[in-house]
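See below for the structure under consideration.
Residue numbers run from 1 in the order of the sequence given.
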Amino acid sequence: MSDTGQPTAPRRLLVAITGASGAVYGLRLLQALSEMPGVQTHAVVSDAGWLTLRHELNLAPEALRPLVHTLHDAANLGAGPASGSFRCQGMVVAPCSMRTLAAIAHGLSDNLVTRAADVVLKERRPLVLMARETPLHLGHLRNMTAVTEMGAIVCPPMPAFYLHPQSLDDIVDASVARVLDLLDVPHTLSSRWQGLDTAPA
């Protein structure tokens with residue numbers, strides 16, 4: 001409840017999954033958000049994103065629907081997230097393919113993922129892109145510069161070895177935790193750096 005006694009509106013977030021390797025980042029983000037009270041998660045998966053989800057995680061749409069409020073069709077440019085009047089506190093593309101990055105950088109709103117990202121930028125809301133590719137050529141780097149200048153945050157999922165991960169899940173959770181921090185969403189997914197232990201051995 002708010003101070004006026006009215007029900008508090010849920011915090012609405014949009015998660016997109018595209019065709020880059022690393023579909024587990026999008027899945028883990030949806031799982032984490034589904035467990036958070038007061039968060040309403042909307043999701044959209046590109047055609048290539050579904051291919052990667054099936055190949056890497058053996059997942060079909062039925063596996064994602066229980067994790068989200070609404071699973072939008074990427075071809076539906078009439079869906080809510082295509083409009084700035086759709087109240088949304090932020091968007092994450094996890095993972096973000098170089099194709100999607102390029103489309104966002106150049107304002108090519110050819111599916112709901114890129115249109116929603118364009119809307120989030122024009123409405124000055126947080127857009128986090130978990131860009132996945134290596135090595136990078138100059139076109140990739142220029143597109144990263146362009147989206148950063150437009151207001152997006154490029155957040156490649158990098159292993160935080162200083163946290164001494166013990167499993168692949170630890171590595172994934174650390175990257176997802178960084179994204180949640182960027183969206184100012186409280187979490188307990190990963191430990192926080194407390195500084196080097198300088199005590200003598």
Side-chain angles (χ1 to χ4, degrees), residues 13-33 41-61 63-64 67-68 71-72 74 90-118 120-121 126-163 165 167-183 185 187 189-190:
L13 297 171
L14 178 61
V15 175
I17 298 175
T18 64
S21 180
V24 66
Y25 294 110
L27 175 65
R28 187 67 186 104
L29 180 58
L30 291 177
Q31 290 171 336
L33 291 173
T41 308
H42 290 244
V44 57
V45 182
S46 70
D47 291 344
W50 285 122
L51 289 173
T52 305
L53 279 165
R54 283 194 293 269
H55 175 70
E56 295 185 349
L57 302 173
N58 195 30
L59 291 183
L64 293 192
L67 301 176
V68 300
L71 179 60
H72 297 277
M91 176 177 178
V92 182
V93 184
C96 181
S97 67
M98 292 299 101
R99 187 263 178 216
T100 299
L101 173 72
I104 295 170
H106 294 278
L108 303 179
S109 301
D110 57 347
N111 61 42
L112 187 57
V113 174
T114 53
R115 171 57 187 168
D118 198 58
V120 167
L121 288 175
L127 173 63
V128 181
L129 306 176
M130 296 186 77
R132 277 283 293 109
E133 188 58 276
T134 191
L136 301 169
H137 63 57
L138 184 57
H140 299 150
L141 296 171
R142 284 177 172 162
N143 287 334
M144 289 181 185
T145 298
V147 295
T148 302
E149 290 173 340
M150 293 159 68
I153 300 172
V154 179
C155 183
M158 301 290 188
F161 291 115
Y162 57 89
L163 296 177
S167 67
L168 181 59
D169 286 346
D170 289 346
I171 292 173
V172 171
D173 280 357
S175 289
V176 172
R178 294 300 302 273
V179 168
L180 293 173
D181 284 346
L182 291 171
L183 295 174
V185 175
H187 65 85
L189 274 188
S190 181

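Annotation: side chain of Met144 is in contact with side chain of Met98 (closest heavy-atom distance under 4.5 Å). For the pair Thr114 and Leu108, the minimum side-chain heavy-atom distance is 4.5 Å or more. In this structure, Ile104 and Leu121 have side chains that are in contact, with non-hydrogen atoms separated by less than 4.5 Å.
In this structure, CG on Leu13 lies 11.5 Å from CE on Met91, to the nearest 0.5 angstrom. Between Gln31 atom CD and Leu67 atom CG the span is 6.0 Å, to the nearest 0.5 Å. The NE2 atom of His140 sits 13.0 Å away from atom OG1 of Thr145, with the distance rounded to the nearest 0.5 Å. Of the inter-residue distances, the one linking Asn143 atom CG with Leu101 atom CG reads 5.0 Å to the nearest 0.5 angstrom. Within the model, atoms CE of Met130 and CD1 of Ile153 stand 12.5 Å from one another, a figure rounded to the nearest 0.5 Å. With rounding to the nearest 0.5 Å, the separation of OG1 in Thr100 from CD1 in Ile17 is 12.0 Å.
The two residues Leu183 and Gly90 come nearest to each other via the heavy atoms CD2-CA, 4.3 Å. What you find for Pro157 and Ala131 is that their closest heavy atoms are CD-O, 3.5 Å. For Val113 against Ala16, the heavy-atom pair with the smallest separation is CG1-CB, 3.8 Å. Shortest non-hydrogen contact noted between Ala116 and Leu14 is CB-CD2, 3.5 Å. The minimum heavy-atom distance linking Pro165 with Ile171 is given by the pair CB-CG1, 3.7 Å. The two residues Ser21 and Arg132 come nearest to each other via the heavy atoms O-NE, 3.0 Å.
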Evaluate the side chain to side chain contact (heavy atoms under 4.5 Å, CB included) criterion for residues Leu53 and Leu64: first the C-alpha distance (whole Å), next the side-chain angles of each, then the deciding distance (0.1 Å), finally the verdict.
-> CA-CA 10 Å; Leu53 279 165; Leu64 293 192; 4.0 Å; yes

Just do the side chain to side chain contact (heavy atoms under 4.5 Å, CB included) check on Leu180 and Leu33 with the steps written out, would you?
-> CA-CA 9 Å; Leu180 293 173; Leu33 291 173; 3.8 Å; yes

After noting the C-alpha distance and the side-chain angles of Val68 and Val15, does the key distance pass the side chain to side chain contact (heavy atoms under 4.5 Å, CB included) rule?
-> CA-CA 9 Å; Val68 300; Val15 175; over 6 Å; no

Given side chain to side chain contact (heavy atoms under 4.5 Å, CB included), test Leu163 with Ser190 step by step and report yes or no.
-> CA-CA 9 Å; Leu163 296 177; Ser190 181; 3.6 Å; yes

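Using a distance-only test at 3.5 Å, with no hydrogens or angles considered, a donor-acceptor pair links the side chain of Glu56 to the main chain of Ala23. Proximity of a side-chain donor or acceptor of Ser175 to a complementary backbone N or O of Val172 within less than 3.5 Å is not detected. Between the side chain of Thr18 and the main chain of Ser97, a donor-acceptor pair closer than 3.5 Å is present.
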